[in-house]
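Provided herewith is a single structure, encoded as structure tokens, for subsequent inquiry.
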Amino acid sequence: MKSAYQELKEQAWQANLEIPRYNLALFTWGNVSAFDSNRAVFAIKPSGVAYDKLSIDDMVVLDLDGNIIEGTLKPSSDTATHRVIYQENQSIGGIVHTHSTHATAWAQSMRDLAVYGTTHADHSPVAIPCTVILSEARVKKDYELETGKLIVETFVARKLDMLSTEMVLVGGHGPFTWGKSATKAVYNSVVLEEIAKMAILSTMVAKGELTVLPEHIIRTHYERKHGPKAYYGQN
């Protein structure tokens, strides 16, 4: 008998398989969840299970209070972080966390990822924020839950919309991305990794600080894809 959450679990499973496909994580260093806003539940990868061993039935379904609705395995250790983000914005349909090399390197630099080039501008007109490092007290309280809260706090403090800026760097830790679906969240992870790689290489070539792209170029590139008069792609 098929699960009532079969489609949601399959979305999460398929999205998790994209992590090794795009070289976003080694071993089991990543996770994807898919959210059903109508039922306020999400499916997430189980903790520590290798991607090549992963099955649809392994996905764990939880509600927004953290109760396991379906599944026999322990959910990802980052589950509470995903849960806080979904609680904050239930228009989000999927969340990804990886330790992709270049995005993680930038997170470890404790710097926002500024818009240095048009590849970044094509996807976001603003810098990708990097959070501060969690305090010892918050880590001891509930590390993963507080990580989620820190992400939300960072967006609120900077007056950023989580539906417009779908990426964050958690200081000293690594990237989280999200989107309207789990598939889009993975896409955003790939984009973030690529623009972080470009920024690092550009910094090496420039032998120091880079110049942020001028606002008129940023706006032109972003709006030709996402603006009211967007003309990129086919009608």
Side-chain angles (χ1 to χ4, degrees), residues 15 18-27 29-32 78 81 85 94-134 147 150-155 157-180 183-227 229-233:
E18 296 290 277
I19 289 182
R21 178 184 174 190
Y22 288 108
N23 298 315
L24 292 173
L26 297 172
F27 306 115
W29 302 354
N31 47 75
V32 185
D78 295 301
T81 307
I85 295 172
I95 298 170
V96 179
H97 171 53
T98 74
H99 288 263
S100 61
T101 303
H102 298 89
T104 300
W106 204 271
Q108 290 177 177
S109 78
M110 300 298 299
R111 294 169 54 192
D112 293 350
L113 179 50
V115 188
Y116 294 121
T118 60
T119 309
H120 185 148
D122 282 338
H123 296 88
S124 174
V126 300
I128 307 307
C130 183
T131 74
V132 299
I133 289 181
L134 276 175
T147 297
L150 177 63
I151 291 170
V152 171
E153 290 164 7
T154 300
F155 274 71
R158 302 193 189 195
K159 298 180 181 179
L160 293 172
D161 178 8
M162 296 187 81
L163 295 181
S164 298
T165 303
E166 298 177 320
M167 310 170 182
V168 70
L169 300 167
V170 177
H173 183 38
F176 281 82
T177 64
W178 48 86
K180 290 186 177 180
T183 300
K184 183 62 188 299
V186 174
Y187 172 86
N188 287 334
S189 283
V190 176
V191 169
L192 178 54
E193 172 61 12
E194 193 65 15
I195 60 176
K197 179 179 180 181
M198 291 176 178
I200 290 170
L201 291 174
S202 298
T203 301
M204 293 169 63
V205 172
K207 298 180 180 179
E209 290 295 322
L210 295 177
T211 301
V212 175
L213 204 64
E215 181 61 28
H216 66 280
I217 299 292
I218 294 173
R219 188 54 54 186
T220 296
H221 267 264
Y222 185 75
E223 290 190 352
R224 73 176 187 168
K225 274 194 171 185
H226 309 283
K229 297 181 180 179
Y231 57 88
Y232 177 87

Straight-line distance of Lys197 NZ to Ser100 OG, nearest 0.5 Å: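 So the gap between those two atoms works out to 11.5 Å.
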
CG on Leu24 to CD on Glu18, rounded to 0.5 Å: 9.0 Å

Which atom of Pro129 lies closest to which atom of Thr154, heavy atoms considered: CB-CG2, 4.2 Å

Contact summary for Val212 and Ala114, nearest pair of heavy atoms: CG2-CB, 3.9 Å

Ile128 vs His120, side chain to side chain contact (heavy atoms under 4.5 Å, CB included): CA-CA, chis, key distance, verdict: CA-CA 9 Å; Ile128 307 307; His120 185 148; 3.8 Å; yes

Ser109 side chain vs Trp106 backbone, donor-acceptor pair below 3.5 Å: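 Yes: the side chain of Ser109 pairs with the backbone of Trp106.
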
His226 (side chain) donor-acceptor with Asp122 (main chain) under 3.5 angstrom: yes

Distance in Å, His221 NE2 paired with Thr118 OG1, rounded so as to fall on 0.5 Å steps: 4.5 Å

Asp112 side, atom CG; Thr131 side, atom OG1 - distance, nearest 0.5 Å: 9.5 Å

Sequence neighbours excluded, every pair satisfying side chain to side chain donor-acceptor pair (under 3.5 Å) that has a member inside residues 202-218: Arg111-Glu209

Geometric class of the Phe176/His97 ring pair [parallel <30°, tilted 30-60°, perpendicular >60°]: parallel

Nearest non-hydrogen partners of Thr104 and Pro175, listed with the distance: OG1-CD, 3.6 Å

Which atom of Ala185 lies closest to which atom of Gly179, heavy atoms considered: CB-N, 3.8 Å

Lys225, NZ: over 12 other non-hydrogen atoms inside 6.0 angstrom: yes

Which atom of Val186 lies closest to which atom of Ala15, heavy atoms considered: CG2-O, 3.6 Å

Distance, nearest 0.5 Å, that separates NE2 of His99 from CD of Gln108: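 That separation rounds to 9.5 Å.
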
pair His173-Leu134: side-chain heavy atoms closer than 4.5 Å: no

Stepwise side chain to side chain contact (heavy atoms under 4.5 Å, CB included) check, Asn188 with Val96: CA-CA 9 Å; Asn188 287 334; Val96 179; over 6 Å; no

Check against side chain to side chain contact (heavy atoms under 4.5 Å, CB included), Thr81 and Ile95: CA-CA 10 Å; Thr81 307; Ile95 298 170; over 6 Å; no

Partner of His123 by ring-ring contact (aromatic ring centres under 6.0 Å, His included), out of Tyr232, Tyr187, Tyr222: Tyr187

Donor-acceptor under 3.5 Å (Trp178 side chain, Met162 main chain):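 Present.
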
Distance-minimising heavy-atom pair for Leu169 and Ala103: CD2-O, 3.5 Å

Residues Ser189 and Thr177: side-chain donor-acceptor under 3.5 angstrom: yes

Spacing of OG1 belonging to Thr119 relative to CE belonging to Met198, to within rounding of 0.5 Å: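 Answer for the OG1-CE pair, Thr119 versus Met198, is 4.0 Å.
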
